[in-house]
Amino acid sequence: MYWRYLTRAARRCSVHTTSSRTVGWWDHVAPAAKDPINGVTEAFLADPSPFKINLGVGAYRDDKGRPVVLQCVREAEAKIAGSEFLESISASVSTKMVEESVKLVYGKDSDVVKEGRSAGVQALSGTGACRLFAEFQRRFHPESHIYFPDPTWSNHHNIWRDAQIPERTYHYYDPDSKSLDFAALMDDIKNAPDSSFFLFHPSAHNPTGVDPTEEQWREISYQFKVKGHFPFFDMAYQGFASGDLDKDAQAIRIFLEDEHLIGCAQSYAKSMGLYGHRVGCLSILCVDSKQAAAIRSQIQQIARAMYGSPPVHGILLVETILSDPNLKSLWIDEVKIMADRIQRKRTTLRQNLEKLGSSLNWEHITNQLGMFCFSGLTPYQVDRLAKEFHIYMTQDGRISMAGVTTGNVNYLANAIHEVTRSEQETAKILCSISV
Ligand code: KET
């Protein structure tokens, strides 16, 4: 497995002189590929321009481009300050936080919690929850694959690769129509071997901003019953698609109604602005509480060997917010405010491009949902935006709308207009030919 990380020269060395002392311990280590998302932040930080804009990482910013500490978090901080609870809480088990998280997935009145049918553990944010699940999958289904949507969050590939679970992809986004390729997606579900693992983004798909409709989720769920597939939902943006936490969990609730067993990774990095605290939850829906206890103990064992236990402060913040009705309702309002701000910026960006007289169709900016706009910009145009305008985004043309503000949206629209001029000319010519 380690073979692919070696340089060619090191492979030669490794074959001929593995035991030789002339080979240093780490001579065979080649640099890893840059992370497509963190690499953007690095380039942005290195740019001295006062006009620079970071549209790379999907972390929420306010309309001045500043990271946000939500009011509910400030109040939770005040509530737990100096609390002895901090010391007495068992770092590895916060049942309250997990219980409240599971309610966000399945609904506050769902029987899942009452019946103790969910095996949940705190995780190191959404990434850690995915990683725990991938390890769990390997432990109990070592021959299995994981199906990802094409495209998906770039780190999914790393996470399941490091857990040694081979990946496959299913059709998701159609770049021509800039929408969901539902027919191809359904074909892939039908053609996958029975009992396959599939990863879904339940809402605000990253990077495309395109989600299935309620009806389409029902069809997917039905087909999953037919095929016996396992649905794993990576829910990193609950609330960011519609502004409503329950609506954004609708896909999972449909699968629940259809009596699937379900896996779910949750992150509070975006929805509570706790990116640096790394708070998340992994839960697996089970047939009964006995199975849940067994599964929970296995996941806890995996976590114990990987990182012991998660830092406790962030967990305490989330627990305090979710279990205090006033703080929870403040949080719900703040999620809506964040989602609405992003939506408004989508409208302004599209309007500005149209006002500039762009002959390209920018409807998808407002049709898409959640934190990201899958702009359709080419890697060449993305490079030009960085080099000529100091605007940074991932190579696939994904714009983190959280980085778009009242102050920079004009500049951004102008820059996009500028780098898409030749495409606009082509569009005009094609249009005149077809008339
Ligand atoms: N799942 C998805 C779909 C996702 O977009 C992210 C983060 C995560 C999980 C992990 O989030 P965490 O911070 O571990 O709770 N995505 C953004 C941030 C990042 O890549 O670190 C992003 O795509 O920019």
Side-chain angles (χ1 to χ4, degrees), residues 33-44 54-61 67 97 101 104-105 121-134 146 148-160 162-163 167 172-173 198-211 231-241 248-249 251-252 263-283 303 306-307 310-311 314-315 317-318 338 342 368-375 392-404:
K34 258 198 194 316
D35 182 85
I37 297 170
N38 291 341
V40 173
T41 306
E42 280 172 34
F44 167 80
N54 187 2
L55 305 177
V57 69
Y60 188 74
R61 296 286 178 267
M97 190 286 258
S101 298
L104 290 175
V105 179
V121 296
Q122 327 79 302
L124 294 177
S125 214
T127 308
C130 287
R131 185 71 170 92
L132 280 180
F133 182 78
I146 181 84
F148 294 136
D150 180 21
T152 192
W153 177 48
S154 51
N155 210 21
H156 283 145
H157 304 291
N158 304 329
I159 292 170
W160 268 266
D162 282 0
E167 69 165 76
Y172 192 83
Y173 183 73
F198 275 70
L199 182 146
F200 287 111
H201 303 217
S203 59
H205 180 273
N206 175 12
T208 67
V210 171
D211 293 334
F232 181 73
F233 289 96
D234 181 8
M235 184 153 66
Y237 301 95
Q238 190 174 10
F240 274 89
D248 280 10
I252 304 179
C264 183
Q266 286 167 274
S267 164
Y268 293 99
K270 273 65 81 155
S271 61
M272 282 194 193
L274 295 176
Y275 195 98
H277 283 280
R278 316 307 296 149
V279 194
C281 179
L282 167 67
S283 58
M306 284 208 288
Y307 55 85
I315 291 170
L317 287 174
V318 172
M338 292 192 283
I342 290 179
Q368 295 168 355
L369 295 165
M371 197 166 264
F372 302 108
C373 162
F374 209 44
S375 66
Y392 293 86
M393 63 184 69
T394 48
Q395 279 285 305
D396 57 4
R398 184 190 84 165
I399 296 175
S400 173
M401 290 304 298
V404 182

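Just follow the structure's listing: the first ligand is 1, and inside any ligand the first atom is 1.
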Give me the nearest non-hydrogen protein atom to atom 19 (C) of ligand 1 as residue plus atom name, then the distance to 0.1 Å. Y275 OH, 3.4 Å
Consider every N or O of H201 and every N or O of ligand 1, then say whether any pair is closer than 3.5 Å. no
Does any non-hydrogen side-chain atom of V210 lie less than 4.5 Å from one of F374? no
Numbering as shown, the atoms of ligand 1 that approach R278 to under 4.0 Å (heavy-atom distance): 12 (P), 13 (O), 14 (O)
Does ligand 1 have an atom that lies less than 4.0 angstrom from a heavy atom of N155? no
Check ligand 1 against S267 and write out every atom of the ligand that is under 4.0 Å from a heavy-atom position of the residue. 12 (P), 15 (O)
Note: ligand 1 atoms sitting under 4.0 Å from heavy atoms of G58 are 22 (C), 24 (O)
Under 3.5 Å between any N/O of W153 and any N/O of ligand 1: does that happen in this structure? yes
Proximal atoms of ligand 1 relative to R398 (non-hydrogen, under 4.0 Å): 22 (C), 23 (O), 24 (O)
Closer than 3.5 angstrom, by distance alone: can the side chain of H205 be matched with the main-chain N or O of P151 as a donor-acceptor pair? yes
Numbering as shown, the atoms of ligand 1 that approach A269 to under 4.0 Å (heavy-atom distance): 13 (O), 15 (O)
Going by distance only, is there an N or O of A236 that falls short of 3.5 Å from an N or O of ligand 1? no
Identify, by atom number and element, the atoms of ligand 1 in contact range of K270, meaning under 4.0 Å from any of its heavy atoms. 6 (C), 7 (C), 11 (O), 13 (O), 16 (N), 17 (C), 18 (C)
Could you tell me, atom by atom, which parts of ligand 1 come under 4.0 Å of a heavy atom of V57? 18 (C), 24 (O)
What residue and heavy atom of the protein are closest to atom 1 (N) of ligand 1, and at what distance? D234 OD2, 2.5 Å
If we number the atoms of ligand 1 from 1 as shown, the ones under 4.0 Å from a heavy atom of G126 are 12 (P), 14 (O), 15 (O)
